[in-house]
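First the structure, in the form of structure tokens, and then the observations on it.
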Amino acid sequence: MDETSERTGAPARSRISPAALASVVVGGVLSLTWCVASIVMLVTGLSALPALGSGLLLLVPWLLLMQVAVRIERRRAVAVHGIGVNIPARRRSLRRGAAGWLQDRWFELGTGGFWRGVLHHHLAMIVAGAFLLISLAMLWLGWSGWELALLHGPVRIASLELSRWALAVLGTAALALCAVLLALGALADRGLARGLISGSEEELREQVADLAERRQGAVDAAAQERLRIERDLHDGVQPRLVNLAMTLGLARTAIRTDPDRAERLVGEAHAEAKAVMTDLRQLARGIHPAVLTDRGLDAALSALAARSRIPVDLDVSLLGPAHAGLDREREGVAYFVVAEALTNIAKHAEAEQVSVSVRQDPHALRVRIEDDGRGGARVRRDGLSTGLAGLTDRVRATGGVLGISSPAGGGTVLEAVLPTGAPASGAAPLRPAPSADLTAVPFPRPADGTGPRDQTLEVPR
């Protein structure tokens, strides 16, 4: 859901115009009809609420009608009085269809601008009704004065006798007062609109501050998106490029001694290059790798294992589709953890065998990668070797933890635990599986003190 605000305006108009005078007349008529009906609906609905909530049958339609009335009043203020209307910011539903429309209506009820608009709607009708009634009285008095002056001559009231000229003067004064009252009604209507629905300078300042905060949020979101693309390229596409380079290297080595094998390797490299181009396009749009999107995590990991130059023993155990609990984010993180681990093993570990285990329980997805290489893997944030650091950030973003054990000469064990559902009541915090050579220590930070302060990493004692 987002929050939006608007400001509608129109060219400045005269304070007293034919449209403003007509608005007083229309408002006066509505005060004797719609205003009475609205107040009766509100009072009756509130009084009937204790009767099993039956008052909602009146209150719900009344609230919907008020939302329409507030919008009409704002447009009338712009069209009739030329007042710029500052529509307060409010939340907007992200849902579609009827559910989104109903949620928008509900959000509008929680804004002060809406209730000020409701108050303005009724006060404007009441004020216009008062001025219209007095104006009609003056109109009737002026009409009667001129009628008596022209048709009946002098009129005696008790001991006072009014001549034709006196009756004409009184009639003229009453008609002038009628026009003055209509003008005062128009000014009062304008003042109510400016005071209740136009918006104050303080509100404008608050909205400017809110827009500045949202702009900063957009800048931060853009920076996060840039970092996401950078991590996806490093953790997803780079491993495939490394594999492509290794395949071409093997093909170049075999081109003289085993042309058939070299031709087969070049064909594999060509297919891999096309797949990498597809992944680049998809990652730029924030989409998962094609095989992960189309066939799921199990098939995506099988594809990674099949492309690896080091034999991979893959064991994937996921819950049934009805109880999967895996979303796109966690699937992607698990995929990239395995992809980056296999890339690091191929480049640095000098391993002969890799074991990958992915198991899901009702509350977590556990990804474990183990090799028999030379070990010594460390998380570094020096800008030179950031693969494991990027994976740590990815795992932490899902609320999970990352563990690593890599003694020199003893192989490497990398394990990520990703939460996939609400933890059971009293459940222990997520941690990698217990191991004799794993222990929690503070996450290493650069010398300048930057970097996450609360991360932990499992390393050898």
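Because the structure is a prediction, the values reported are computed rather than measured.
A distance-only check finds no donor-acceptor pair linking the side chain of Ser23 to the backbone of Ala19 [under 3.5 Å]. Without hydrogens or angle criteria, Thr111 side chain to Glu108 main chain gives a donor-acceptor distance under 3.5 Å. Although no hydrogens or angles enter the test, the distance criterion places a donor-acceptor pair under 3.5 Å between the side chain of Ser47 and the main chain of Thr44. Gln360 places a side-chain N or O within 3.5 Å of a backbone atom of Leu319 that can act as its donor or acceptor partner. Within the 3.5 Å criterion, the main-chain N or O of Cys35 finds no donor-acceptor partner in the side chain of Ser38. In this structure a side-chain-to-backbone donor-acceptor pair under 3.5 Å is present from Arg164 to Ala149. A donor-acceptor pair under 3.5 Å is formed between the side chain of Trp115 and the backbone N or O of Leu109. No donor-acceptor distance shorter than 3.5 angstrom exists from the side chain of Arg15 to the backbone of Leu187, with no hydrogens or angles considered.
Residue Leu63 comes nearest to Phe114 through the heavy atom pair O-CZ, 4.2 Å, listed as atom of the first residue, atom of the second, then distance. Closest heavy-atom contact between Val118 and Val70: N-CG2, 3.7 Å. What you find for Ser54 and Ala48 is that their closest heavy atoms are OG-O, 3.2 Å. Here the closest heavy-atom approach between residue His81 and residue Ala186 is recorded as CE1-O, 3.8 Å. Considering all non-hydrogen atoms of both residues, Leu304 and Val338 come closest at CD1-CG1, 4.0 Å. Pairing each heavy atom of Leu418 with each of Ala334, the nearest pair is CD1-N, 4.0 Å.
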Original post:
Going through the checks in order, is the side-chain contact (heavy atoms from CB on, under 4.5 Å) test met by Arg366 and Asp361?
Top reply: CA-CA 8 Å; Arg366 300 179 183 273; Asp361 58 43; 3.8 Å; yes
**OP:** Applying side-chain contact (heavy atoms from CB on, under 4.5 Å), run through Phe131 and Asp189 and close with a yes or a no.
**Re:** CA-CA 10 Å; Phe131 277 101; Asp189 184 55; over 6 Å; no
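Remark: Trp34 CH2 is packed, more than 12 non-hydrogen atoms of other residues, nucleotides or ligands lying under 6.0 Å away. Under a cut-off of 6.0 angstrom, the local environment of CG in Leu52 is sparse, with at most 12 non-hydrogen atoms contributed by other residues, nucleotides or ligands.
The only member of Leu181, Leu177, Val25 that meets side-chain contact (heavy atoms from CB on, under 4.5 Å) when paired with Ser135 is Leu181. A side-chain contact (heavy atoms from CB on, under 4.5 Å) with Leu301 holds for exactly one of Val316, Asp315, Val312; it is Val316.
Met66 has its side chain within reach of His122: a pair of non-hydrogen atoms, C-beta onward, lies under 4.5 Å apart. Between Leu49 and Leu59 there is a side-chain heavy-atom pair separated by less than 4.5 Å. In this structure, the side chains of Arg74 and Val78 stay at 4.5 Å or more apart for every pair of heavy atoms.
Residue His120 holds its NE2 atom at 12.0 Å from CZ of Arg116, rounded to the nearest 0.5 Å. Atom-to-atom distance recorded for Leu297:CG and Arg330:CZ is 13.0 Å, nearest 0.5 angstrom. The CD1 atom of Ile126 sits 5.0 Å away from the CD1 atom of Ile39 when rounded to the nearest 0.5 Å. To the nearest 0.5 Å, atoms CG (Leu133) and CG (Leu32) are separated by 6.0 Å. Rounding to the nearest 0.5 Å places CZ of Arg359 at 11.5 Å from CG of Leu365. Atoms CG and CG, on Leu170 and Leu175 in that order, are 11.0 Å from each other to the nearest 0.5 Å.
Of the charged side-chain nitrogens involved, none lies within less than 4.0 Å of a carboxylate oxygen, so that Arg95 and Asp104 do not count as a salt-bridged pair.
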